[in-house]
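All values reported here derive from a predicted model rather than from experimental measurement. Proteins come first, then strands; the chains are lettered A, B, ... in the order of their sequence lines, and each starts at number 1.
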Number of protein chains: 2
Amino acid sequence: MSSPSPELKLSAYANRLPGSPVREILSVSQQPGMISFAGGLPDASVMPEMPELGDLSSIKQYGTSDGEALVKQELVKWLGSEGLACTEDQIMITSGSQQGLDLAARILVDVGTQVVVEDPTYLAMLQVLRGLGADLVPFDLGENGVDLASLEQQLKDKNPRMVYLIPTFQNPTGYSYTEAERIAVAELLDRYDVTLIEDDPYRVLNYDNAFTRPICSYLKKATWMYMGSFSKMLWPGLRTGYVIAHPDLYPWILRAKQATDLHSNRLGQKIIGDFMAAGSLPAHIERLQNHYRVKRDLMQKLLKQYLPESVKWKLPAGGMFFWLELETDTRDVLSKGIEAKVVPLPGTPFEVEKSAGKALRLSFSQMTPEDMEEGLKRLAKVLETL
Amino acid sequence: MSSPSPELKLSAYANRLPGSPVREILSVSQQPGMISFAGGLPDASVMPEMPELGDLSSIKQYGTSDGEALVKQELVKWLGSEGLACTEDQIMITSGSQQGLDLAARILVDVGTQVVVEDPTYLAMLQVLRGLGADLVPFDLGENGVDLASLEQQLKDKNPRMVYLIPTFQNPTGYSYTEAERIAVAELLDRYDVTLIEDDPYRVLNYDNAFTRPICSYLKKATWMYMGSFSKMLWPGLRTGYVIAHPDLYPWILRAKQATDLHSNRLGQKIIGDFMAAGSLPAHIERLQNHYRVKRDLMQKLLKQYLPESVKWKLPAGGMFFWLELETDTRDVLSKGIEAKVVPLPGTPFEVEKSAGKALRLSFSQMTPEDMEEGLKRLAKVLETL
């Protein structure tokens, strides 16, 4: 299903909206004996038990569009400690950070609006932007980090309304902006007065004490929205995320939220608010970091051991992914991998304009050590046949 | 805040999107001593206790975009018994039925798309449609029910892609289509091949055994999407609703759901699925009907007792609202009501083209008998001053 049948009269949005290749790959991944590096799912074994829920009578009724006071109060404290000073009236709770991205894009993007994005970038945001008919303006994010000259050129030459960045443990590359890059990007955005959408789901998955202060916190003139998620940190099944917005933009994203679904589910907000208010977050974050760091380090060792020398990557300082750059075309790797019972994720759906088809994203978050080793052995054999 | 400041560069969607007058009125309603007829909130006292949740480990992880199997299975059984035969693969769980409306409109409506609506109709759907830039094509829904001639004229003269209807205990009028009207409307939609969006949140709030078989179930040729809600029936705070879609439209609304928020919260789905699977729904629905029927009947009695004879209404066979038609302009009624510590909801935000400003929507769902009587006494005095 890539385009609707001609008898169906659908909107331009529906006609433009690409499907999600990951969702299709996920069903293949569930076949018996298959070892999958494709998904970006957190490891359920390190999710905390849910707290005792107690009396739920207070959250049966409809709630407010902006969200529950408790979780907002806890976010103000926690984000303040992370370098993003904000107040409760800048916070809107969403149904996962994907909803924040969709709403932010809806209030900013028209058909033909120029939107600056990293190349490569998060595929589900590309889906959102392509659905809205945005004109994508990519700048290079590669082995050497942010190409500031390329970013500035795009800001100068085009007339972008919005820049979408994932500065911390970027998906898919794993790259994390340095302090100097964060400051330089903020200065550029202030100078050209472009709204920043900062997407930050992987913040706490920080294995090497990387510098992670949000770029939003450096902005003096440009408006911004910051997208946060509880999904990588706590329980994705609760579908609870948040937006922190510049005061000028806040009323507009709240209005869009009202029209979209009135408010987000209150039970998820209560569970997360209770967890944070109990002071359980710091120890949990440390546990997460230790758990995933071991997996990342094993992945690094096994990649070196099994993959051909021609494959290049950088050790990610956080997040869930290794981004491999190959000399050969990877577009056949999926079908050949499935035959060999291993599922990598080709880089193509993340790429905007880059010489496509020469990268792979491998997730280590859910792998057992045995599957990781066996999977990389299988993948190495597949790569030989490309 | 009705339009953005000129320095803000927002999308056309944001610029078109009206605010929600009800949300603003709700904050007034919460002032001490205020008696409010404005909201459409269910009565929390008749919401069931939430079931024991037990082991939640199965719903910590990300879920599928279409929704949880258990609640889908239960919906197939229940909707089958309500006259809407469907299969699990036609069901998509949403974050409340408002999300279903937003997604349905997004996949069907472009700027200038002609959309046929009842006049008056649900104000938050007007918000969605106006945000998308739809060209609204109203037909009359008044004291005598559906104006079939006016509907057919609109279908013939315009080129609508979609018809939005609330045939059962309509919001705001309380009107419920007769069997003959349902059949006649379905025939018209088949003849002119227009997609039907059938919005059905009040289905179970049926006090007089009204005929409620969904219009969708009569369609032979036209495509359709049916919007259901658990909010009026169970716990609105869980933000869980559903769409049943014609097989041709299903893949498109599912794709839009993926891009919008990946999936809906799983805990709400589990709680509702468990409740239905335990067989608790029929007795609960009967309790709801008995609870609200008493309120409706008291409201009818007190309206007759206190309101001037010139005010006209029909007894609603279900739902939460009385729709009063007055001879005088009601646009001042809100400010004068607030002075007198009573909050009615003026009809204007529900009206599309109708001789606006002569109606009131009064909700009886949350009122105590004492507040209802005192509130109507106050309202009667306010009406004398208009």
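In terms of heavy-atom pairs under 4.5 angstrom with chain A, the leader among B:Ala44, B:Ala12, B:Gly39, B:Gly100 is B:Ala12. Heavy-atom pairs under 4.5 Å with chain B were tallied for A:Ser97, A:Gly268, A:Gly131, A:Ser231; the largest tally goes to A:Ser231. Comparing B:Val128, B:Val109, B:Leu56, B:Leu41 by heavy-atom pairs within less than 4.5 Å of chain A, the highest count is held by B:Leu41. Most heavy-atom pairs under 4.5 Å with chain A, from the set B:Ala256, B:Gly96, B:Ala105: that is B:Ala256.
In this structure, the side chain of B:Asn265 does not engage the main chain of A:Asn265 through any donor-acceptor pair within 3.5 Å. Side chain of B:Gln61 to backbone of A:Pro42: a donor-acceptor contact under 3.5 angstrom is found. Distance alone, capped at 3.5 Å, is enough to place a donor-acceptor pair between the A:Gln98 side chain and the B:Ala259 backbone. Between the side chain of B:Lys60 and the backbone N or O of A:Ser45, no donor-acceptor pair lies under 3.5 Å.
The shortest side-chain heavy-atom distance between B:Trp252 and A:Leu17 does not fall under the 4.5 Å cut-off. For the pair A:Met50/B:Ile59, a side-chain contact is recorded, criterion being any heavy-atom separation below 4.5 Å from C-beta on. A heavy-atom distance below 4.5 Å is found between the side chains of A:Arg239 and B:Leu262. Taking 4.5 Å as the limit, some side-chain heavy atom of B:Asp110 sits within range of a side-chain heavy atom of A:Ser11.
Between the CG atom in B:Asp261 and the OG1 atom in A:Thr94 there is a gap of 9.0 Å [rounded to 0.5 Å]. For the atom pair NE2 of A:His246 and CG of B:Leu8, the computed distance is 8.5 Å after rounding to the nearest 0.5 Å. With values rounded to the nearest 0.5 angstrom, B:Glu49 atom CD is found 7.0 Å from A:Ser57 atom OG.
Proximity to chain B is absent for every atom of A:Gln269, based on heavy atoms less than 4.5 angstrom apart. Using a 4.5 Å cut-off between heavy atoms, B:Ser65 touches chain A through backbone and side chain atoms alike. Of the two parts of A:Glu68, neither the backbone nor the side chain holds a non-hydrogen atom closer than 4.5 Å to a non-hydrogen atom of chain B. At a 4.5 Å heavy-atom cutoff, the contact between A:Leu132 and chain B is made by side-chain atoms alone. Only the side chain of A:Ile271 comes within less than 4.5 Å of a heavy atom of chain B; its backbone N, CA, C and O stay farther away.
Heavy atoms only, all atoms of each residue included: A:Tyr13 and B:Thr260 are closest at OH-OG1, 4.4 Å. In plain terms, the two heavy atoms of A:Ile107 and B:Ala14 that are nearest each other are O-CB, 3.7 Å.
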- Item | Working for side-chain contact (heavy atoms from CB on, under 4.5 Å), residues B:Gln258 and A:Gln127 | CA-CA 9 Å; B:Gln258 286 173 358; A:Gln127 208 183 1; 4.2 Å; yes
- Message: Before you tell me yes or no, could you show the steps for A:Leu10 and B:Leu249 under side-chain contact (heavy atoms from CB on, under 4.5 Å), namely the whole-Å CA-CA distance, both residues' side-chain angles and the distance that decides it to 0.1 Å?
- Response: CA-CA 9 Å; A:Leu10 298 177; B:Leu249 289 174; 3.8 Å; yes
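Under the salt bridge (charged side-chain N to carboxylate O under 4.0 Å, His left out) criterion, the residue pairs touching residues 94-109 of chain A are A:Asp102-B:Arg106, A:Arg106-B:Asp102, with sequence neighbours excluded.
Heavy-atom contacts from other residues, nucleotides or ligands closer than 6.0 Å to CG of A:Asn159 number 12 or fewer.
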